**Q** 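Mind having a look at this structure? Questions to follow.
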Amino acid sequence: MVVYSFYIFDRHTECIYTRRWTPRPGSSSGKSMRPQSGSSITSNGENVPTTRKALSKEDDAKLIFGLVFSLRNMVQKLGGEDDSFLSYRTGEYKLHYYETPTRIKFVMLTDTKQNNLRVALHQIWVNLYVEYVVKNPLSPVEHPGGIGVANELFERGLDSFVTTVFPS
Amino acid sequence: MVVFALFIISKAGGLIYNREFHTGLTKLTSNDYLMLAGSFHGMHAITKQLCPVPPVPANPASTAPSLAPSPFASRPSGLEVLESTHFRMQCFQTLTGVKFLLFTEPQQPNIDAMMRRIYELYSDFVMKNPFYTVEMPIRCEKFDRGLDGFVKVRS
């Protein structure tokens, strides 16, 4: 079981927390790999990573937000107002989605074999986000730019949650 | 077993076929369906981009430059299954870029087999129809009837 990344978006469409557990293809490790495979740059397998390289971390978060937002709207349009988007799967990864009544969105990317993680994301909200971020007297009510979300208790809690729920 | 609807989206993102088998999804205007198909086309492309899995190192076969590169090897697939509380959407993209979207109940088994059968019907009755223009809306009676028979037998 692999967890790739985890995002929290607030109700102002801003990404207030990002966490990654594996290096992305676009990161520095991906770049250092390219010269080694220089002989095969013209071969087709390289095409896709080249186009993906340009994406930075922030771009990724924006892309994910736009995507889940549109998918959520599409699902509500087709399934009615009380329908909610749960997850989607591609050949490579699976994206899980949970939205709280206050419009905070939790997104987690895992491998494709995971079952639905709605419950796990709900747990993260109840046991970690509410406990360590909302109830923190020093953190602001809103979190512009992610202020107050990435505190030590929350990060540590998230880490231990992920390692216990998804033993690798 | 309930199959709600089938959409076919051309490789350019246009809705070329839209068929409802069973009520359950909200009825939309045909304009809304077209918009939905177009935006889904874009979202499908984004899901391809987001792939968090490190790329597989270049395979040993690529050391032989004489081999014609296959355009379909190691390309990340876009969205395949979308789940919501009310329905499940299976998306099948053919090698030519046509997308089949099948809306079913969340617990529907064997969607892959159904999809293959629908693709077969499409190849037989749409692609082999001499009066059909590629990328245009599908109006083939035999395809309609084939789908009807197939879905009715199933449900």
Side-chain angles (χ1 to χ4, degrees), chain A residues 2 4-5 20-25 27 29-30 33 36-37 39-49 51-52 55 59-60 63-64 66-68 70-97 109-112 116 118, chain B residues 4-5 7 20 24-29 32-33 35-37 39-40 42-65 67-91 93 101 103 106:
Chain A
V2 190
Y4 295 118
S5 49
R20 282 193 189 148
W21 282 273
T22 43
R24 287 256 332 185
S27 65
S29 67
M33 263 176 60
Q36 293 166 8
S37 56
S39 59
S40 62
I41 273 178
T42 46
S43 84
N44 191 69
E46 294 293 301
N47 283 350
V48 183
T51 54
R52 260 196 257 135
L55 285 180
D59 287 344
D60 247 14
L63 217 52
I64 288 181
L67 183 69
V68 293
S70 327
L71 284 174
R72 187 191 70 129
N73 284 355
M74 186 182 100
V75 164
Q76 279 186 351
K77 224 173 186 181
L78 281 170
E81 280 299 310
D82 56 336
D83 197 0
S84 57
F85 166 52
L86 298 177
S87 68
Y88 76 75
R89 179 177 66 73
T90 77
E92 287 78 30
Y93 67 97
K94 188 164 178 178
L95 180 144
H96 307 266
Y97 177 75
L109 269 71
T110 66
D111 62 355
T112 53
N116 204 321
R118 189 186 167 84
Chain B
F4 293 127
F7 290 8
E20 199 178 325
L25 297 180
T26 320
K27 261 254 168 265
L28 300 176
T29 61
D32 278 344
Y33 282 125
M35 259 156 50
L36 222 58
S39 41
F40 180 79
M43 291 187 259
H44 188 270
I46 294 176
T47 57
K48 261 186 214 176
Q49 284 242 325
L50 282 175
C51 178
V53 188
V56 190
N59 54 6
S62 65
T63 49
L67 271 173
S70 153
F72 307 116
S74 80
R75 178 175 292 186
S77 77
L79 196 155
E80 283 176 3
V81 181
L82 181 141
E83 284 174 80
S84 88
T85 43
H86 289 195
F87 64 85
R88 177 191 154 104
M89 185 192 80
Q90 182 98 11
C91 172
Q93 187 172 28
L101 307 188
F103 293 83

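Just so it is clear: chains get the letters A, B, ... in the order the sequence lines come, proteins before strands, and each one is counted from 1. None of these values were measured; they are calculated from a predicted model.
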**Q** Identify which part of S39(B) has an atom lying under 4.5 Å from any heavy atom of chain A, answering side chain, backbone, both or neither.
**A**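 Nothing of S39(B), per the 4.5 Å heavy-atom cut-off to chain A.
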**Q** Working to the nearest 0.5 Å, report the span between SG of C51(B) and OH of Y4(A).
**A**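 The distance works out to 7.5 Å.
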**Q** Look up atom NE2 in H86(B) and atom CG in L86(A), then write down how far apart they are to the nearest 0.5 Å.
**A**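 Those atoms lie 9.5 Å apart.
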**Q** With side chains defined as the heavy atoms from C-beta onward, is the minimum distance between L79(B) and L71(A) less than 4.5 Å?
**A**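 With C-beta onward as the side chain, the pair touches.
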**Q** With sequence neighbours left out, what residues match Y93(A) under side-chain hydrogen bond (donor to acceptor under 3.5 Å, both in side chains)?
**A**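 For Y93(A) the side-chain hydrogen bond (donor to acceptor under 3.5 Å, both in side chains) partners, ignoring immediate neighbours, are Y88(A).
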**Q** Using only atom types and a distance under 3.5 Å, with no angle test, would you say the side chain of S77(B) pairs donor to acceptor with the backbone of G91(A)?
**A**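 A pair under 3.5 Å: yes.
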**Q** Contact part of K94(A) toward chain B, heavy-atom cut-off under 4.5 Å: side chain, backbone, both or neither?
**A**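 The side chain, not the backbone.
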**Q** Looking at S84(A), is its backbone amide N or carbonyl O close enough to the side chain of T85(B) to form a donor-acceptor pair, meaning the two atoms are under 3.5 Å apart?
**A**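 The answer is yes, because a donor-acceptor pair under 3.5 Å joins these two groups.
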**Q** If I take atom CD from residue E81(A) and atom OG1 from residue T26(B), how far apart are they, to the nearest 0.5 angstrom?
**A**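 Going from CD on E81(A) over to OG1 on T26(B), the span is 8.5 Å.
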**Q** Rounded to the nearest 0.5 Å, what separates atom CD1 in I64(A) from atom CG in L50(B)?
**A**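 Answer for the CD1-CG pair, I64(A) versus L50(B), is 5.0 Å.
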**Q** Under 4.5 Å from any heavy atom of chain B, what part of N73(A) do you find: side chain, backbone, both or neither?
**A**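 Interface part for N73(A): neither.
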**Q** For L25(B), is it the side chain, the backbone, both, or neither that has a heavy atom closer than 4.5 Å to a heavy atom of chain A?
**A**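 L25(B) touches chain A through backbone and side-chain heavy atoms alike.
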**Q** Who pairs with T112(A) by side-chain hydrogen bond (donor to acceptor under 3.5 Å, both in side chains), at least two apart in sequence or on another chain?
**A**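 side-chain hydrogen bond (donor to acceptor under 3.5 Å, both in side chains) check on T112(A) returns nothing, list empty.
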**Q** Does E83(B) reach the side chain of R118(A), with side-chain heavy atoms less than 4.5 Å apart?
**A**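 Side-chain contact under 4.5 Å: no.
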**Q** For L28(B) and K77(A), which heavy atoms make the closest approach, and how far apart are they?
**A**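 Looking at all heavy atoms of both residues, the closest pair is CD2-O, 4.0 Å.
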**Q** Given heavy-atom pairs under 4.5 angstrom as the criterion, report whether the side chain, backbone, both or neither of L109(A) touches chain B.
**A**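 For L109(A), side-chain heavy atoms alone lie under 4.5 Å from chain B.
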**Q** Can you tell which part of F4(B) gets under 4.5 Å to a heavy atom of chain A, answering side chain, backbone, both or neither?
**A**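 It is neither, since no heavy atom gets under 4.5 Å.
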**Q** Is it the backbone or the side chain of S5(A) that comes under 4.5 Å from a heavy atom of chain B, or both, or neither?
**A**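 Nothing of S5(A), per the 4.5 Å heavy-atom cut-off to chain B.
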**Q** Ignoring hydrogens and geometry, is there a side-chain-to-backbone donor-acceptor pair from T90(A) to E80(B) under 3.5 Å?
**A**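 Between the backbone of E80(B) and the side chain of T90(A) there is no qualifying donor-acceptor contact (under 3.5 Å).
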